[in-house]
Visitor: 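Dumping the structure here so I can ask a few things about it.
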Amino acid sequence: MLSSAHLVPTSVRLAPSWIRSSSRSFMDLKALLSSLNDFASLSFAESWDNVGLLVEPSPPHTVNTLFLTNDLTEEVMEEALQKKADLILSYHPPIFRAMKHITWKTWKERLVIRALENRVAIYSPHTAYDAAPQGVNNWLAKGLGTCTTRPIHPSKAPNCPTEGTHRLEFSVNHNQDLDKVMSTVKGIGDVSVTSFAARCDDEEQTWISLNCTQKALMQMLAFLSQNRQLHQKTEILSLEKPLLLDTGMGRLCTLDESVSLATMIERIKQHLKLSHLRLALGVGKTVESPVKVVALCAGSGGSILQGVEADLYLTGEMSHHDVLDAASKGINVILCEHSNTERGFLSDLQQMLGVHLENKVNIILSETDRDPLHVV
């Protein structure tokens with residue numbers, strides 16, 4: 001005989017998402033770093049920048065939780081530790097200048113100590129994400145409206161399309177001379193050779209083309225200067241690294257349709273979730289003046305935007321004199337504070353990395369990270 005039962009309703013408290021997601025698989029730190037570089041190569045970063053893995057716990061190190069922040073402050077570090085982060089991706093590098101000691105004296109030294117004590121790695125992409133096609137500046141441009149964009153300063157490929165940095169070309173008249181030249185080339189090394197028959201002034205010649213390093217070039221030129229009778233018509237070409245499509249610093253954005261400056265201000269406020277921003281009107285301009293071309297650079301854009309022809313400059317911060325210079329040329333300037341032009345990108349990054357990493361790690365956003373400046 002079956003007895004009846006009464007169901008008693010109970011309340012269920014859901015754990016925060018960063019806890020509920022902890023059952024996901026993990027990734028080895030080195031494999032994760034490789035995937036992050038595939039997402040946006042660190043070779044995109046500016047030469048002065050300090051990017052990549054900045055703090056590494058003793059290996060092996062596995063990552064279950066990836067924690068995203070724009071700035072790694074002590075408050076943000078405390079949050080990351082509470083949420084059991086294994087790797088902190090800090091857009092701005094918390095270590096920039098060389099540290100001569102690691103003590104409890106300064107806040108940046110304390111960050112390193114706490115990270116190592118708690119086995120937390122720290123990684124920073126900074127200007128690599130500024131330059132990337134799917135990076136910070138492209139995200140900033142999304143707030144302008146429908147437009148076409150291109151980098152203000154395009155990035156170059158990390159390597160030349162061919163071996164070497166220079167191309168040396170010259171012609172040789174006789175086979176015995178050719179043998180001597182080729183023997184010398186083989187002895188130098190770091191040289192790739194192409195040769196083909198040519199006819200000049202009714203005379204058969206062999207045209208030699210060498211791709212070589214700077215050092216090999218100097219050795220070849222020394223040989224040719226000592227054997228002037230062997231060659232004719234010497235040419236030296238510098239091999240440039242090719243420009244990368246849609247990759248580089250800053251963005252020059254041309255709107256499909258012009259809008260008033262007032263309309264653009266409201267679009268930017270909405271995109272960045274700001275109630276206030278700073279505006280410098282260009283000489284002769286009003287808030288009703290049309291805006292068709294916007295030059296932008298997330299963060300501190302003075303050096304990137306300088307000299308660019310546009311109706312509006314959009315960045316986080318610029319020097320007083322750079323603002324005066326732009327305004328004198330009739331260019332409007334909008335400043336939003338440095339990290340306010342960057343931080344919103346992290347929500348997009350969270351989604352993109354989730355797909356790129358095939359949801360193998362739990363990716364969470366800092367809730368305490370914020371711009372240090374407030375309007376009061």
Visitor: Would you compute the distance between atom CG of Leu66 and atom CG of Leu68 and round it to the nearest 0.5 angstrom?
Guide: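 Reported value, rounded in 0.5 Å steps: 5.0 Å.
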
Visitor: Shortest non-hydrogen contact from Arg251 to Ala131?
Guide: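 Smallest heavy-atom distance, with atoms named: NH2-O, 3.3 Å.
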
Visitor: Begin from the C-alpha positions of Glu266 and Gln270 and carry the test side-chain contact (heavy atoms from CB on, under 4.5 Å) through to its verdict.
Guide: CA-CA 6 Å; Glu266 292 307 312; Gln270 183 177 5; over 6 Å; no

Visitor: Taking all atoms of both residues into account, what is the closest heavy-atom pair of Met27 and Val361, and its distance?
Guide: CG-CG1, 3.8 Å

Visitor: Between Glu235 and Arg167, does at least one N-O distance fall below 4.0 Å, as a salt bridge requires?
Guide: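 No, Glu235 and Arg167 are not salt-bridged.
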
Visitor: Might you point out which heavy atoms bring Ile152 and Ala295 nearest each other, and give the distance in Å?
Guide: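 Of all heavy-atom pairs spanning Ile152 and Ala295, the closest is CD1-CB, 4.2 Å.
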
Visitor: Got a second to check how far Ile208's CD1 is from Ser195's OG, nearest 0.5 Å?
Guide: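 So the gap between those two atoms works out to 4.5 Å.
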
Visitor: Heavy-atom distance under 4.5 Å between the side chains of Cys212 and Gln219, does that happen here?
Guide: no

Visitor: Transitive ILVMFWY cluster of Leu244 at side-chain heavy atoms under 4.5 Å: who else is in it?
Guide: Phe44

Visitor: Group every Ile, Leu, Val, Met, Phe, Trp and Tyr by side-chain heavy-atom contacts under 4.5 Å, then state whether Leu272 and Leu349 land in the same group.
Guide: yes

Visitor: State, with a plain yes or no, whether a side-chain heavy atom of Thr73 is found less than 4.5 Å away from one of Val76.
Guide: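 SC-SC contact between Thr73 and Val76 confirmed.
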
Visitor: Tell me, do Leu296 and Leu144 make a side-chain contact under 4.5 Å, heavy atoms counted?
Guide: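 Yes, side chains in contact.
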
Visitor: Has Lys292 got a side-chain atom pairing as donor or acceptor with Leu255's backbone, closer than 3.5 angstrom?
Guide: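 Yes, because the side chain of Lys292 sits within donor-acceptor range (under 3.5 Å) of the backbone of Leu255.
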
Visitor: Just by distance, do the side chain of Arg110 and the backbone of Lys105 share a donor-acceptor pair under 3.5 Å?
Guide: yes

Visitor: Here's a test for you: under side-chain contact (heavy atoms from CB on, under 4.5 Å), which of Val291, Leu312, Ile334, Val259 qualifies with Ile265?
Guide: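 By the side-chain contact (heavy atoms from CB on, under 4.5 Å) criterion, Ile265 pairs with just one of Val291, Leu312, Ile334, Val259: Ile334.
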
Visitor: Are the side chain of Ser35 and the backbone of Leu33 linked by a donor-acceptor contact shorter than 3.5 Å?
Guide: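 Flag not set: sc Ser35 to bb Leu33 has no pair under 3.5 Å.
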
Visitor: Among Val375, Asn340, Thr341, Asp371, which residue meets the side-chain contact (heavy atoms from CB on, under 4.5 Å) test with Leu274?
Guide: Asn340

Visitor: Tell me if the CD atom of Gln229 is crowded by more than 12 foreign heavy atoms within 6.0 Å.
Guide: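 More than 12 within 6.0 Å, yes.
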
Visitor: Give a yes or no on whether Leu140 and Met264 share a hydrophobic cluster (residues Ile, Leu, Val, Met, Phe, Trp, Tyr; joining criterion: side-chain heavy atoms under 4.5 Å apart).
Guide: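 Hydrophobic grouping puts Leu140 with Met264.
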
Visitor: Compare every heavy atom of Leu305 with every heavy atom of Leu314, then report the nearest pair and how far apart it is.
Guide: O-CD1, 4.2 Å

Visitor: What residue pairs, at least two apart or across chains, pass salt bridge (charged side-chain N to carboxylate O under 4.0 Å, His left out) with a residue in residues 123-148?
Guide: Lys142-Asp348

Visitor: In the single-linkage hydrophobic clustering (I, L, V, M, F, W, Y; side-chain heavy atoms under 4.5 Å), do Leu373 and Leu335 co-cluster?
Guide: no

Visitor: If only side-chain N and O atoms count, and only distance matters, is there a donor-acceptor pair under 3.5 Å linking Ser339 with Arg370?
Guide: no

Visitor: Any chance you could lay out the side-chain contact (heavy atoms from CB on, under 4.5 Å) test for Thr165 and Leu239, step after step, and finish with the verdict?
Guide: CA-CA 5 Å; Thr165 58; Leu239 300 179; 5.6 Å; no

Visitor: Taking Tyr313 for the side chain and Ala326 for the main chain, is one N or O donor matched with an acceptor at less than 3.5 Å?
Guide: no

Visitor: Just by modelled atom types, is the Leu221 backbone N or O under 3.5 Å from a matching donor or acceptor in the Ser225 side chain?
Guide: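 Side chain of Ser225 to backbone of Leu221: a pair is present.
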
Visitor: If hydrophobic clusters are built from ILVMFWY residues whose side chains come within less than 4.5 Å, do Tyr129 and Leu365 share one?
Guide: yes

Visitor: For the residue pair Leu281 and Leu261, establish whether any side-chain heavy-atom pair is separated by less than 4.5 Å.
Guide: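 In contact.
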
Visitor: Who else is in the cluster with Trp48 when I, L, V, M, F, W and Y are joined by side-chain contacts under 4.5 Å?
Guide: Phe96

Visitor: State, to 0.1 Å, how close Asp86 and Asn64 come at their nearest heavy-atom pair, and which atoms those are.
Guide: OD2-N, 2.8 Å

Visitor: Distance from Cys297 atom SG to His153 atom NE2, nearest 0.5 Å?
Guide: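 Going from SG on Cys297 over to NE2 on His153, the span is 8.5 Å.
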
Visitor: When you look at Glu337 and Arg278, which way does the salt bridge (charged side-chain N to carboxylate O under 4.0 Å, His left out) test go after all the steps?
Guide: CA-CA 9 Å; Glu337 305 308 343; Arg278 293 190 286 166; 3.5 Å; yes

Visitor: Taking C-beta and beyond as the side chain, do Arg119 and Ser58 meet within less than 4.5 Å on heavy atoms?
Guide: yes

Visitor: Hey, is the main chain of Pro133 close enough, under 3.5 Å, to the side chain of Asp246 for a donor-acceptor pair?
Guide: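 Here the side-chain-to-backbone pair does not exist.
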
Visitor: Between Ile122 and Trp104, is there a shared hydrophobic cluster once you connect ILVMFWY residues whose side-chain heavy atoms come closer than 4.5 Å?
Guide: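 Looking at the clustering, Trp104 is in the same group as Ile122.
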
Visitor: Could you go through the side-chain contact (heavy atoms from CB on, under 4.5 Å) check for Met249 and Thr127 one step at a time?
Guide: CA-CA 8 Å; Met249 295 299 159; Thr127 52; 3.7 Å; yes

Visitor: Do Ile102 and Leu116 come close enough that some side-chain heavy atom pair is under 4.5 Å?
Guide: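 Answer no - side chains too far apart.
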
Visitor: Kindly compute the distance separating NZ (Lys241) from OG (Ser155), expressed to the nearest 0.5 Å.
Guide: 11.5 Å

Visitor: Salt bridge check, Lys233 against Glu169: does any charged N sit closer than 4.0 Å to a carboxylate O?
Guide: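 No salt bridge links Glu169 with Lys233.
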
Visitor: Verify the distance criterion only: is there a donor paired with an acceptor across the side chains of Glu79 and Thr368 at less than 3.5 Å?
Guide: yes

Visitor: Return the CD1 to CG distance between Ile188 and Leu217, rounded to the nearest 0.5 Å.
Guide: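 Spacing of CD1 (Ile188) from CG (Leu217) equals 9.5 Å.
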
Visitor: Measure the spacing between CD1 of Ile88 and OG1 of Thr69 and express it to the nearest 0.5 Å.
Guide: 8.0 Å

Visitor: Would you confirm whether Glu109, through its side chain, and Thr103, through its main-chain N or O, come within 3.5 Å as a donor-acceptor pair?
Guide: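 A pair under 3.5 Å: yes.
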
Visitor: Are there over 12 heavy-atom neighbours, none belonging to His276, within less than 6.0 Å of that residue's NE2?
Guide: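 Open.
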
Visitor: Please check: side-chain N/O of Thr149 versus main-chain N/O of Leu252, any donor-acceptor pairing under 3.5 Å?
Guide: no

Visitor: Between His166 (side chain) and Ile236 (backbone), is there a donor-acceptor pair under 3.5 Å?
Guide: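 Checking the backbone N and O of Ile236 against the side chain of His166, no donor-acceptor pair under 3.5 Å is found.
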
Visitor: For the residue pair Trp207 and Phe196, categorise the inter-ring angle as parallel (less than 30°), tilted (30 to 60°) or perpendicular (more than 60°).
Guide: tilted

Visitor: One thing to verify: whether Glu74 and Arg114 come together as a salt bridge, which I'm taking to mean a side-chain N less than 4.0 angstrom from a carboxylate O.
Guide: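 Judged by the 4.0 Å cut-off on N to carboxylate O distance, Arg114 and Glu74 do not form a salt bridge.
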
Visitor: Minimum heavy-atom separation for Leu72 and Trp107, please, with both atom names.
Guide: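 Smallest interatomic distance, heavy atoms only, reads O-CZ3, 3.4 Å.
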
Visitor: Are any of the side-chain heavy atoms of His126 and Tyr91 separated by less than 4.5 Å?
Guide: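 They are in contact (side-chain heavy atoms under 4.5 Å apart), so the answer is yes.
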
Visitor: So do the side chains of Asn50 and Ser124 get within less than 4.5 Å of each other, counting heavy atoms only?
Guide: no

Visitor: Output yes when a side-chain donor or acceptor of Asn332 lies under 3.5 Å from a complementary backbone atom of Asp311, and no otherwise.
Guide: yes

Visitor: Is it true that atom CE of Met99 has more than 12 heavy atoms of other residues, nucleotides or ligands lying nearer than 6.0 Å?
Guide: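 Yes, because the 6.0 Å sphere around CE of Met99 holds more than 12 heavy atoms from other groups.
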
Visitor: Take Gln134 and His356, measure what side-chain contact (heavy atoms from CB on, under 4.5 Å) needs, and give me the verdict at the end.
Guide: CA-CA 12 Å; Gln134 74 282 29; His356 182 72; over 6 Å; no

